[in-house]
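Taking it in order: structure first as structure tokens, then the write-up.
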Amino acid sequence: MTNFINILKEQIKVELEDMAGAGRLPAGLDLDRVAVDPPRDPAHGDVATNAALVLAKPAGLKPRALAEELAGRLARRAGVSAAEVAGPGFVNLRLDDPFWHARLRDILRAGPAYGDSGVGRGVVVNVEYVSANPTGPMHVGHGRGAVVGDALAALLEKAGHTVTREYYVNDAGAQVDALAWSSYFRYLEALGATISPETFAGLCPGGELQYRGEYLIPVGQELVQKYGDSLARRGEDGEWEGKAAEEWLAPLRAVAVARMMALIRDDLAALGVRHDLFTSERELVEGGAVERAVEALKARGLVYTGVLEAPKGKVPEDWEPRPQMLFRATQFGDDVDRPLQKSDGSWTYFATDIAYHHDKFRRGFKAMINVWGADHGGYVKRMQAAVKAITGGEGALDVKLCQLVSLLRGGEPVRMSKRAGTFVTLREVIDEVGRDVVRFIMLTRRNDAPLDFDLDRVMEQSRENPVFYVQYAHARCRSALRHARALFAADELSPERLAEAAPVARLTDPGELALIKHMAGWPRVVESAAEAHEPHRVAFYLYDLAAAFHGLWTRGMDDATLRFIDAADRDRTAARLALVQAVATVIASGLRIMGVTPVEEMR
RNA sequence: GCGCCCGUAGCUCAGUUGGAUAGAGCGCUGCCCUCCGGAGGCAGAGGUCAGGGGUUCGAAUCCCUUCGGGCGCGCCA
């Protein structure tokens with residue numbers, strides 16, 4: 001257990017139980033509401049508990065009297081230098097220097113595993129993210145979801161969860177058909193046909209040529225290689241419309257989807273994002289998963305045929321009431337019951353999505369997290385309702401909605417238009433600023449807050465740029481350790497050796513102790529961020545840690561006695577190098593969750 | 001019309017499973033440094049946590065309500 005707060009919480013509970021045993025408190029008090037936290041204001045000590053406030057009423061005692069007794073007991077504990085009653089009945093604990101020195105050794109001994117937690121032990125969780133439609137390259141918005149999902153998965157792993165990272169491939173449905181048609185246009189082009197986009201669009205269902213990007217040109221070429229002109233001849237026969245199209249569209253669809261997924265996988269690789277599993281919607285549907293899911297719902301009496309009211313406000317033009325197969329979503333907190341079938345009898349996307357989540361549950365996942373774009377917000381309730389229903393209440397779905405990313409350059413919005421060909425892809429951004437920058441920036445805002453991504457600002461070397469600031473702190477640590485090689489052998493500087501041999505008791509400067517305290521808070525950050533499913537907290541923590549470290553470093557520029565390396569005092573230098581090594585360890589540990597490389601030097 | 005998200009310093013944002021005097025960066029004001037372990041330091045001003053009501057020993061945080069912004073609302077995924 002590396003979270004020192006938990007250690008103290010245990011001690012406090014022991015004291016409370018002891019007080020109950022001594023008749024000072026009623027037996028059997030509920031201690032769940034007893035909180036132990038570091039206070040915001042350092043003047044209130046290192047740790048505070050509200051135990052007396054929470055227990056006063058059920059115990060029939062005055063908060064301050066209860067607090068006095070608890071404080072008196074805690075003050076005798078090792079490591080506690082002072083226990084004071086403050087305010088309405090808080091007990092503030094001050095921990096002595098040796099306590100903090102021991103925490104520093106903890107960090108060095110644990111190394112990269114420092115901050116690992118057991119709160120998620122035994123919890124198997126599925127994190128689904130990206131799931132961009134295979135209809136083109138990824139854009140910046142997809143990139144945000146990719147980073148948030150990937151970092152969340154890593155965070156949960158650090159907190160002890162068993163995580164599967166999953167991508168849902170929407171390779172069925174109208175969008176993919178539209179992709180196939182658009183690919184057919186490129187196919188005809190590759191054959192040398194001179195048909196204009198407008199003429200061709202008239203032949204497409206809906207009269208629209210949806211995907212005009214050049215990335216489909218290689219798809220057309222591949223189709224020619226594979227099928228020669230055989231697909232075109234079918235067209236001449238006038239069999240483009242109706243069901244006949246369904247048959248000859250299949251190879252187009254298959255080739256196009258495969259190509260698009262290859263494109264997307266390349267983009268993901270460039271971002272350093274990986275998935276354990278790609279699940280195909282088409283395979284799921286063809287395998288009968290939808291029927292299976294609907295049967296499961298029917299068995300619970302949650303499916304019926306009914307007529308929905310027209311939505312208020314914006315009513316679709318062709319709205320008409322008609323009976324549909326509906327899922328009783330209202331029984332699980334949704335606002336209306338939701339259709340499972342379209343009017344032509346095929347399944348709605350919702351139905352296949354229920355099947356998909358049913359499938360996840362059948363694969364053993366009770367905890368599911370989906371990372372979606374904010375435009376899917378209206379879909380969350382029904383999906384959570386469906387998961388609750390189809391898992392008999394055993395499964396739970398959390399959805400993280402990612403708000404829009406606005407690309408800026410020097411404070412000015414980057415104009416993007418697919419039509420004008422000025423659309424900026426994720427890949428272009430990665431190529432310009434680098435993977436690490438993209439990943440870090442995507443985590444500098446809560447997922448549900450809009451994000452400004454300024455391509456100029458993120459390359460600045462200043463405190464305003466968190467990527468630089470955190471990287472620089474790590475690089476400075478490494479730099480100090482390299483300089484220390486003038487005084488120490490390499491193996492003397494290893495975290496293990498420093499943990500055992502460095503006289504860390506020499507660290508008495510308030511700035512040094514403050515840094516240790518900050519690092520001691522890392523396991524708690526991991527746990528709370530994992531519990532809240534909020535990876536951005538890691539970025540903010542690292543920024544604060546970097547600030548504390550830079551502050552100490554800078555003081556050494558004015559006051560030589562505070563510099564980390566002092567050739568005249570090997571012992572003190574070793575102690576400070578232990579501190580520096582620990583900072584590097586914690587920063588690297590946090591960056592690892594974010595998927596950002598901790599650099600050795602700034603260039 | 002309904003649902004979800006959001007509203008915190010001049011600006012951009014943290015802090016929300018209830019804790020004490022609400023924080024950071026930028027900007028602003030004043031002082032210091034001009035250093036090579038390069039790519040500053042210190043201090044200060046600045047807030048009705050959108051408004052109102054409620055629950056609580058205690059509310060930015062929970063509940064209700066009003067206002068303001070974003071997203072969504074059968075046969076798109």
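Model, not experiment: these values are computed from the prediction. So that the names make sense, note that chain A is the first sequence line, chain B the second, and so on, each numbered from 1.
The gap from the P atom of B:U29 to that of B:G68 amounts to 37 Å, rounded to the nearest Å. B:U34 and B:C42 have their C1' atoms separated by 16 Å, with the value rounded to a whole Å. Nucleotides B:G51 and B:G7 place their C1' atoms 12 Å apart, quoted to the nearest Å. The C1' atoms of B:U16 and B:C63 are separated by 15 Å, rounded to the nearest whole Å. Taking atom C1' in both B:U21 and B:G3, one finds a spacing of 39 Å when rounded to whole Å. B:A50 and B:C67 have their C1' atoms separated by 8 Å, with the value rounded to a whole Å. Remark: the separation of the C1' atoms in B:G47 and B:C31 is 26 Å, to the nearest Å. Across the C1' atoms, B:U55 and B:C73 are found 33 Å apart, a figure rounded to whole Å.
The main-chain N or O of A:Leu93 is never found under 3.5 Å from a side-chain atom of A:Glu84 such that the two would form a donor-acceptor pair. Formation of a donor-acceptor pair under 3.5 Å by the A:Asp454 side chain with backbone atoms of A:Asp456 is found in this model.
Rounding to whole angstrom units, CZ of residue A:Arg33 and C1' of B:G19 are separated by 11 Å. One atom, CG of A:Leu562, and another, P of B:G37, lie 17 Å apart when rounded to the nearest Å. Remark: C1' of B:U12 and CD of A:Glu460 are 14 Å apart, rounded to the nearest angstrom. As a whole-Å value, the separation of A:Phe549 CZ from B:G37 P is 15 Å. One atom, OH of A:Tyr472, and another, P of B:G37, lie 11 Å apart when rounded to the nearest Å. Regarding A:Phe468, its CZ atom lies at a distance of 6 Å from the P atom of B:G40, rounded to whole Å. For the pair A:Gln471 CD and B:G38 C1', the interatomic distance rounds to 17 Å; values are reported in whole Å. A:Asp37 has its CG atom 13 Å from the C1' atom of B:U16, to the nearest Å.
Checking A:Thr573 against A:Asp566 by side-chain atom types alone, no donor-acceptor pair falls below 3.5 Å. No donor-acceptor contact under 3.5 angstrom links the side chains of A:Asn447 and A:Gln403, judged on distance only. With no hydrogens or angles considered, a side-chain donor-acceptor pair links A:Asp344 and A:Ser346 at under 3.5 Å. There is no side-chain donor-acceptor pair under 3.5 Å between A:Gln175 and A:Thr135. Side chains of A:Thr279 and A:Glu166: a donor-acceptor N/O pair is present below 3.5 angstrom, by distance only.
Base pairing of B:G23: its partner is B:C13, meeting the Watson-Crick or G-U wobble criterion (both donor-acceptor distances under 3.5 Å). Both distances falling under 3.5 Å, in either a Watson-Crick or a G-U wobble arrangement, place B:G44 opposite B:C28. As the counterpart of B:C76, no nucleotide is assigned, since no Watson-Crick or G-U wobble pattern has both distances under 3.5 Å. For B:G7, the paired base is B:C67 (Watson-Crick or G-U wobble, both distances below 3.5 Å).
Taking 3.5 Å as the limit, the base of B:A20 and the side chain of A:Asn92 contain a donor-acceptor pair of atoms between them.
Checking B:U17, B:G19, B:A77 against the side-chain heavy atoms of A:Glu531 singles out B:U17 as nearest. Of the candidates B:G15, B:C57, B:U12, the closest approach to any side-chain atom of A:Leu53 belongs to B:C57. The side chain of A:Phe90 approaches B:A20 more closely than any other nucleotide in the set B:A20, B:G15, B:C75. For A:Lys342, the side-chain atoms get nearest to B:C76 when compared with the rest of B:A20, B:C76, B:G37. Of the candidates B:A20, B:G37, B:U56, the closest approach to any side-chain atom of A:Arg563 belongs to B:G37. The nucleotide whose nearest atom lies closest to any side-chain atom of A:Ser462 is, among B:G40, B:A77, B:U12, B:G40. The side chain of A:Pro339 lies closest to B:G74 when the candidates are B:G74, B:C76, B:G19.
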Could I get a table of every N or O pair under 3.5 Å where one atom is in the protein and the other is in nucleotides 3-10 of chain B?
residue: B:G3; atom: O3'; partner: A:Lys381; partner atom: NZ; Å: 3.2

Please list, for nucleotides 23-34 of chain B, all pairs of protein and nucleotide N/O atoms separated by less than 3.5 Å.
residue: B:G25; atom: OP1; partner: A:Arg463; partner atom: NH2; Å: 3.4

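Nucleic acid contact class of A:Ala48 (heavy atoms, under 4.0 Å, all strands): base. Base contact: A:Tyr349 has a heavy atom under 4.0 Å from a base atom. Residue A:Asn133 is classed as a sugar-phosphate contact, given heavy-atom separations below 4.0 Å to backbone atoms only. No contact: A:Ala480 has no heavy atom under 4.0 Å from any strand. Counting non-hydrogen atoms under 4.0 angstrom, A:Arg476 reaches the backbone sugars and phosphates but no base. Using a 4.0 Å heavy-atom cutoff across all strands shown, A:His376 reaches at least one base atom of the nucleic acid. As judged by a 4.0 angstrom heavy-atom cut-off over every strand, A:Val54 is placed among the base-contacting residues.
In this structure, CZ on A:Arg33 lies 8.0 Å from CG on A:Asn50, to the nearest 0.5 angstrom. Rounding to the nearest 0.5 angstrom, the gap separating the OH atom in A:Tyr304 from the CD atom in A:Gln324 is 10.0 Å. A distance of 3.5 Å separates OH of A:Tyr469 from CZ of A:Arg463, quoted to the nearest 0.5 Å. From A:Trp181, atom CH2 reaches atom CD of A:Gln210 across 13.0 Å, with rounding to the nearest 0.5 Å.
Scanning all heavy atoms of the two residues, the minimum distance from A:Leu577 to A:Ala484 falls at CD1-CB, 3.4 Å.
Nucleotides of RNA chain B nearest to A:Thr49 and A:Arg537 differ in position, and the one nearer the 5' end is that of A:Arg537. Residue-to-nucleotide proximity on RNA chain B shows that, of A:Ser343 and A:Tyr469, the 5′-proximal contact is made by A:Tyr469.
In this structure, A:His44 counts as stacked on the base of B:A20 under the 5.5 Å centre distance and 30° plane angle limits.
The six-membered or imidazole ring of A:Phe440 lies away from that of A:Phe540, with a centre-to-centre distance of 6.0 Å or more.
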